[in-house]
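This is a predicted model, so every value here is computed, not measured. Counting convention: from 1, in listed order, for ligands and their atoms alike. Numbers here are sequence positions counted from 1.
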Amino acid sequence: MHERSSDDVREEHVRAVAGRLRAARAVTVLTGAGVSAASGVPTFRGRDGLWRRRRVEELATPAAFARDPRTVWEWYAERRAAVARCVPNAAHEVLSRWSRELPGFLLVTQNVDGLHERAGTADVVRFHGSLWEVGCWAGCAGVPRRWRDERVAFDDLPPRCPSCGAPLRPGVVWFGEAIPTEALERLEQALACELFLVVGTSAVVYPAAGLLDAAAARGAFTVEVNPFATDASGRVDLALRGPAEDVLARVDAVLRGAPG
Ligand code: BV8
Ligand code: ZN
């Protein structure tokens with residue numbers, strides 16, 4: 001299924017990361033769409049990243065929604081239905097275990113699919129919001145700013161605010177919008193780590209991609225896990241060039257003392 005495996009990731013590098021995971025007092029992992037690829041969730045910027053020949057940067061904006069809320073919602077409704085059919089993969093499972101077993105572990109995700117949460121990950125910091133939340137586009141006072149909405153089928157698009165009748169908006173962060181305050185409040189903790197792993201992201205969307213450099217500037221050892229080179233590759237201390245579900249499972253096996 002994958003164009004590359006982790007066969008060419010050297011065992012000594014896998015062991016080095018496991019050793020650092022064991023020794024670090026605080027570990028932060030930043031994930032992107034690549035961790036969900038093995039679950040069947042399309043990434044944004046690969047060949048699958050195109051949607052009706054438009055780029056995510058054109059659809060995921062307040063201006064696109066203002067112009068054509070129905071088309072934007074069709075994309076989100078499709079993604080909800082697709083993600084609902086997916087299950088977490090080994091990458092989510094390993095990160096979930098680390099979140100519960102490693103002291104000082106923090107997972108920051110750019111993903112909106114909810115698969116880290118479904119894998120039971122403790123304390124997920126959602127940098128770009130959630131596919132499974134909505135808010136009132138008019139920002140009316142009759143409803144909370146965001147609330148959970150797990151519908152995968154809609155009678156009519158866009159869905160409407162139960163209080164004022166304005167369109168509901170997806171609870172994600174669009175381009176040009178601020179990162180949620182709850183996520184920004186966790187930044188200090190996220191950056192105060194000894195080991196920073198960047199997993200399955202093209203590292204082109206800011207400010208998320210900048211966390212890597214900020215953590216490095218504060219002394220963190222940085223590791224990338226991705227089958228392909230990215231914008232981050234030249235800036236990390238160690239790049240493990242393989243799929244997350246494979247590489248993280250290998251690191252986890254060493255961490256748990258399995259014969260390697
Ligand atoms: C903000 C919505 C200010 C949710 C998304 C120039 C310089 C710096 C910044 C900017 C700039 N111009 C504009 C900006 C700002 C802009 C930005 O970064 N633009 C970029 C494109 C240049 N950023 C913003 O607008 C942000 N907000 O700056 O606010 C502000 C401040 C105060 C007040 C008001 C405003 C907001 C950004 C929010 C973006 N939201 N989407 C949705 O519908 O999903 S972006 C979208 O990209 C996704 O949400 C995703 O989270 C994000 C990152 O993508 P990736 O996850 O990395 O996915 P991608 O497909 O790119 O890559 C997948 C990777 O996986 C690949 O590398 C592949 O090799 C790898 N892979 C594949 N298989 C595997 C694998 N890896 C491991 N294992 C595998 N098996
Ligand atoms: Zn409303």
**Message:** Out of Asp231, Thr43, Asn226, Thr31, who is nearest to atom 67 (O) of ligand 1 when you count heavy atoms only?
**Reply:** Asn226
**Distance filter under 4.0 Å to Arg79 heavy atoms, resulting ligand 1 atoms** = 42 (C), 43 (O), 44 (O)
**Request:** Within a distance under 4.0 Å of any heavy atom of Val204, pick out the atoms of ligand 1 and give their elements.
**Result:** 18 (O), 20 (C), 22 (C)
**Asked** For Leu157, does its backbone N or O pair with a side-chain atom of Arg70 as donor and acceptor, under 3.5 Å?
**Response** yes
**Request:** Give the numbers and elements of all ligand 1 atoms closer than 4.0 Å to a heavy atom of Val172.
**Result:** 4 (C)
**Prompt:** Between Asp213 and Arg218, does at least one N-O distance fall below 4.0 Å, as a salt bridge requires?
**Reply:** no
**Request:** Going by the salt bridge (Lys or Arg N to Asp or Glu O under 4.0 Å) test, name the single residue among Arg145, Arg126, Arg151 that passes it with Glu133.
**Result:** Arg126
**Message:** So if I count the atoms of ligand 1 from 1 in the order they appear, which ones are less than 4.0 Å from some heavy atom of Trp174?
**Reply:** 36 (C)
**Asked** Centre of Trp174's six-membered ring, under 6.0 Å away, within 45 degrees of the axis: is that where NZ or CZ of Arg169 sits?
**Response** yes
**Contact check, side chains of Glu150 and Arg148, non-hydrogen atoms, under 4.5 Å** = yes
**Prompt:** Under a 4.0 Å N-O cut-off, is there an ion pair linking Glu224 with Arg235?
**Reply:** no
**Message:** Please check whether Pro227 reaches ligand 1 - meaning an N/O of the residue sits under 3.5 Å from an N/O of the ligand, judged on distance alone.
**Reply:** no
**Fill in**
Per-atom filter on ligand 1: closer than 4.0 angstrom to a heavy atom of Pro243 are 78 (N), 79 (C), 80 (N)
**Heteroatom distance test (Val173, ligand 1): nitrogen or oxygen, under 3.5 angstrom** = yes
**Asked** Under a heavy-atom criterion of less than 4.0 Å, does Gly176 contact ligand 1?
**Response** yes
**Item:** Salt bridge present between Glu93 and Arg97 (N-O < 4.0 angstrom)
**Value:** no
**Request:** State the atoms of ligand 1, each with its element, that fall below the 4.0 Å cut-off from a heavy-atom position in Gly32.
**Result:** 56 (O)
**Message:** For a distance under 2.8 Å, give residue and atom name for each protein N, O or S atom next to the Zn ion (ligand 2).
**Reply:** Cys136 SG, Cys140 SG, Cys161 SG, Cys164 SG
**Message:** For Arg250 and Asp246: C-alpha separation, side-chain torsions, deciding distance, then whether salt bridge (Lys or Arg N to Asp or Glu O under 4.0 Å) applies.
**Reply:** CA-CA 6 Å; Arg250 282 176 61 187; Asp246 196 347; 5.4 Å; no
**Item:** Atoms in ligand 1 flagged as close to Val112, the criterion being non-hydrogen separation under 4.0 Å
**Value:** 44 (O)
**Message:** With side chain to side chain contact (heavy atoms under 4.5 Å, CB included) as the test, pick out the partner of Thr28 among Leu212, Val108, Val125.
**Reply:** Val108
**Request:** Could you tell me how the ring of Trp98 sits relative to the ring of Phe105: parallel (under 30°), tilted (30 to 60°) or perpendicular (over 60°)?
**Result:** perpendicular
**Asked** Charged N to carboxylate O under 4.0 angstrom, Arg186 versus Glu188?
**Response** no
**Message:** What verdict does the side-chain contact (heavy atoms from CB on, under 4.5 Å) test give for Tyr76 and Leu59, after you've listed the backbone C-alpha separation in whole Å, the side-chain angles of each residue and the deciding distance to 0.1 Å?
**Reply:** CA-CA 10 Å; Tyr76 284 97; Leu59 277 168; over 6 Å; no
**Message:** Need the ligand 1 atom indices (1-based, order shown) with element for anything under 4.0 Å from a heavy-atom of Thr230.
**Reply:** 67 (O)
**Request:** Closest by any non-hydrogen atom to atom 74 (C) of ligand 1: pick that one out of Gly34, Ala209, Ala33.
**Result:** Gly34
**Message:** Against ligand 1, does Tyr76 come closer than 4.0 Å with any heavy atom?
**Reply:** yes
**Asked** Would Leu187 end up clustered with Val29 when hydrophobic side chains under 4.5 Å apart are linked, directly or stepwise?
**Response** no
**Nearest neighbour of atom 46 (C) of ligand 1 from the list Arg45, Gln110, Glu245, on a heavy-atom basis** = Arg45
**Request:** May I ask which of Phe175, Tyr206, Phe228, Phe44 has a heavy atom nearer to atom 26 (C) of ligand 1 than the others do?
**Result:** Tyr206
**Prompt:** Looking only at atom types and distance, does a side-chain atom of Arg20 sit under 3.5 Å from a main-chain N or O of Thr222, one as donor and one as acceptor?
**Reply:** no
**Complete:** Heavy-atom proximity to atom 55 (P) of ligand 1 ranks first, among Thr201, Thr109, Leu184, for Thr201
